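Just so we're clear, the structure is a prediction, and the values are computed from it rather than from any experiment. Chain identifiers are assigned alphabetically (A, B, ...) following the order of the sequence lines, protein sequences preceding nucleic acid strands; residue numbering begins at 1 within each chain.
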Amino acid sequence: MAQAAHSLNSSKPLGHGHSVKRHTGLMDWITTVDHKKIAILYLWAGGLFFGIGGLEAILIRIQLIKPMNAFLDAQTFNELITMHGTTMIFLGVMPIIFALMNAVIPLQIGARDVAFPFLNALGFWTFLFGGILLNLSWIMGGAPDAGWTAYVPLSSTTYSNTHGVDFYTIGLQIAGLGTLIGGINFLATIITMRAPGMSFMRMPMFAWTTFITSAIILFAFPAVTVGLVLLTFDRILGANFFDVAGGGNPVLWQHIFWIFGHPEVYILILPAFGIISEVIPTFSRKRLFGYSSMVFATILIAFLGFMVWAHHMFTTGLGPVANALFSVSTMLIAVPTGIKIFNWLFTMWGGQVRFTTPNLFAAGFIPTFTMGGVTGVMLASAPADFQFHDTYFVVAHFHYVIVGGLVLGLFAGLHYWWPKMFGRMLSEKLGKWTFWTFIIGFHMTFFVQHFLGLMGMQRRVFTYLPNQQFDLLNLVSTIGAGLMGVGTILFLLNAFLTSRRPADAADDPWEDGRTLEWTIPSPPPEYNFKQTPLVRGIDAFWKEKTAGHKGMTPAEPVGSIHMPSATVLPFTMSVGIFIAGLGFMFSRDEFGNAFMSFLFNNYIVTAIGLVITFGSMLLRSLYDDHGWHIEPEELEGR
Amino acid sequence: MMKTWQAVKRLLPMTAVSGLLLILAGCGREDLSVLRPQGPEAETSYGLIKLSITIMIVVLLIVFFIAAYVMVRFRRKPGQNEIPEQVEGSFKLEVLWTVIPLILVVVLAVPTVKAVFAAGDDHANDANAVKVKVTGHQYWWEFEYSDYDVKTAQDLVIPTGKDIAFELTTADVLHSFWVPSLAGKIDTNPAGTINRFSFSAPNEGVYRGKCAELCGPSHGFMEFKVKAVSDQEFEKWIASMKAPAVLPEDTALAEKFKSQCLTCHAVGGQGVALGPDLTGIGSRESIAGILLNDDTREDGAPVEENLKTWLHDPQSVKPGNLMPSPKDLGLSDAEIDGIAEYLANYKLD
């Protein structure tokens, strides 16, 4: 067979191969357009910001360990809660989601890269520079302090007169660009680049949830983009979109923010659903129970996700009609989510469940996420929410969903795909320690917070008076947070120790792999598939295995493989946007130095940044780079 | 044996639920906790909380039970190598776990919608209701009794049993008005989106109120008290609030008080109403909302001491508040103590 394919191929004319410029070291990472390397970049950057956000969380918990604590002052505390929320959501977990999507999706659908490798790199670099810009606020005059929701008027220049909120608006704007680009890229990739035979209803669940997540990104991110532009204009150019005195309305910001913000919750959780739907079948040696209803439930959740934003605003005073409608629509989301929970449980039913580290995280995910889900339904009831809203009950709820749901899912996914990404199995022993410390710490931290909220502790308070029966529960919560920190450190230790071991992971290291990524070497070669596989059903690899085959049947002969060229342009474009953003932010400032004032106040810095960005775009448009080819001769022996 | 086990199984969720509700009922202070409602509005919220928590605990127990069962029962045993049956799904089961949640949602949605519309009755046009305009400030609360032409701050005095019709707004950023044991919260928005709502307190007592929307550094300290008193007490309070101001006896101190304090504050109709109205401040439950005027409690202190704490360094009590430090205004320590003493003794009748 292989020989036949080869002879067929040698008669095929070679593509226009031109010399390939190969970079090494740092330049390789800066110029790469390979989805697997971009995945690792996302993981590094996301991990870094996740660490920063985690440290912020620990500081917050230390401050709240006892009543009237003076460990932090009120202003610093508000900056910490704002940056913790913003960093974790936009710069911590979303990039790690993108890391897994990049590492896995092309492999799972049998593609050699994403649809737009150049855009993929651009998405990463804009996210990174947006994140750096936002975090520069710590050393450039104060971090944003109006909460991650940045409600006006508190976030207006009148009440937040440092550049903090400007760092928030412009940093998120730049980082959001990266997310939007990434979302569009995965939509195009999944629609156009599935291997022959992989119909939509044969896609792995993670590919499905990535697809739906990308669609949500496409519709939700423009809302926050508009909101951030309006807030930037209000703050820097003196516009009046949210200023009552100028005819604006602060409630408008809440609508715009949550029209983005609620779908954002599903952008976060759906990929976790996908990961769990991969891990559980693999380690139960059973196909996913109710695949079609899982797909349908995912789509329904995404659709309903756009219909419920005002449940974040029950106490804003929208009136009974709006409150009733949004209550009921929110409760409805419980139905498709419940379908998923029971499908996972019944996937395990009758299987042979193996508790490897990834599956431990998946098994921990189910009850933990369900607890976050049920408090979500409780919050949906508007008259009850009048009590829950803005208390620690809400804090407990969304941490159960985002940490107990998404972060446990990410840990499951990272342990599961780590051998595929790096060619090395993480230590199972350390992995299990990570799981137990993290999940016990998690429940300690957040379970008690439900009761704190119900007992009258409002959220976002930098300290609290004694004798309110809050003291013990807060102490428990802080100890739990420390335990979660230990779990995270154990994971980092595991990753570090593993990186020093030889890369010896098998193609199918868990032995029960069901999907296409397990048919190729770990880590995969840069072209992923020597020959595009032919997909004959759902769980394509498992199907071949049960038919007694060792690997996939190729859908094409061995031929020359077209590869995109490495390029530094995505990096320079992002540097340009970063400079322009920073310049714009300080355009109205008075500098002690006449030269600096000249540069900033005349928008010269902004202009330089834009010239770099648009110059890079021009270069990209004028210079035709057709990429290069890996010839069949080179593929032999690999 | 089997039958007993089944009965236990059937009763298990109920015992767990009622047990948890019992624990919940003991949770928190009577004057602060959502779980110990002291009025009909808080009772409505609490009813829905109980209903939803009961449904959710039943759901959780089912999920936990199935999860524990599959995780124990279907563990892969050593040497187990045959391929398990690849089940595609089950139409019956999937319909079951779509329809049952739908029914549960309806069970919760019907009382929710009813309560939402009930909460929409703000008593704004109810002649029997006491009308109060609430204005949130960084970081204190202003209460104006429009029918009586009385303004006060920090202590909201209300007659028991009567509906209080609130109209809420803010002077600066968003705040949220919350008295957990009496009712849910509602935001104070700027002009254009002014909110109205209503609650009542059947029992006399002092209830703790809080700001529930991040409003700046001292958001956590933006507390207030609701003091529910009898009808006669309330009328008496209104009357004494309207009595003409009493100024410090020492004329020099009175001059200082007028020129330095009454430029932002008011007493008995004199002065400017920029900051909290100080009429009868000696009778209030707290100074600045958080320094409790009750020396019988370990976390309280005599009102005069609290006033001194506040006046000597307002920023250390409530960081970011707008009151200039009296020292910066040129008041000597003796003058500050004098004003504290005067204010502490400025009680209503």
Audit row: Arg460(A), Glu213(B), side chain to side chain contact (heavy atoms under 4.5 Å, CB included) steps and yes/no = CA-CA 8 Å; Arg460(A) 292 168 162 176; Glu213(B) 180 71 68; 4.2 Å; yes
[X] side chain vs [Y] backbone, donor-acceptor pair below 3.5 Å:
| X | Y | result |
| --- | --- | --- |
| Asp145(A) | Gly216(B) | no |
| Asn189(B) | Thr316(A) | yes |
| Gln352(A) | Asn81(B) | no |
| Lys185(B) | His389(A) | yes |

Between [X] and chain B, with a heavy-atom cut-off of 4.5 Å, which part of the residue counts as in contact: side chain, backbone, both or neither?
| X | value |
| --- | --- |
| Phe393(A) | neither |
| Glu511(A) | neither |
| Phe77(A) | neither |
| Trp542(A) | side chain |
| Met313(A) | neither |

If you count heavy-atom pairs under 4.5 Å between each of [options] and chain B, which one has the most?
| options | answer |
| --- | --- |
| Val328(A), Val251(A), Leu332(A), Leu325(A) | Val251(A) |
| Thr158(A), Thr370(A), Asp385(A) | Thr370(A) |
| Ser292(A), Pro153(A), Ser284(A) | Pro153(A) |
| Ser327(A), Gly351(A), Gly147(A), Gly338(A) | Gly351(A) |

For the atom pair [atom1] ([X]) and [atom2] ([Y]), what is the distance rounded to the nearest 0.5 Å?
| X | Y | atom1 | atom2 | result |
| --- | --- | --- | --- | --- |
| Ser218(B) | Gln75(A) | OG | CD | 10.5 Å |
| Phe117(B) | Asn323(A) | CZ | CG | 9.0 Å |
| Gln86(B) | Ile538(A) | CD | CD1 | 10.5 Å |
| Ile83(B) | Lys545(A) | CD1 | NZ | 8.5 Å |
| Leu154(A) | Gln138(B) | CG | CD | 7.0 Å |

Test His219(B) against Val461(A) for side chain to side chain contact (heavy atoms under 4.5 Å, CB included), laying out the working first.
-> CA-CA 6 Å; His219(B) 160 55; Val461(A) 292; 4.0 Å; yes
Is there a side-chain contact between Asn467(A) and Arg297(B), using heavy atoms and a 4.5 Å cut-off?
->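 Yes, side chains in contact.
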Can Met56(B) and Thr375(A) be said to form a side chain to side chain contact (heavy atoms under 4.5 Å, CB included), step by step?
-> CA-CA 8 Å; Met56(B) 294 311 148; Thr375(A) 50; over 6 Å; no
Hey, can you tell me if Trp97(B) and Phe342(A) have their rings parallel, tilted or perpendicular (30° and 60° cut-offs)?
->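 Answer is parallel, since the angle falls under 30°.
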Could you verify whether a donor N or O on one side chain and an acceptor N or O on the other, from Ser293(A) and Glu94(B), lie under 3.5 Å apart?
->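 There is such a pair between these side chains.
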Which one, Thr44(B), Leu48(B), Asp172(B), leads in non-hydrogen pairs under 4.5 Å with chain A?
->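 Looking at each of Thr44(B), Leu48(B), Asp172(B) in turn, Asp172(B) comes out on top.
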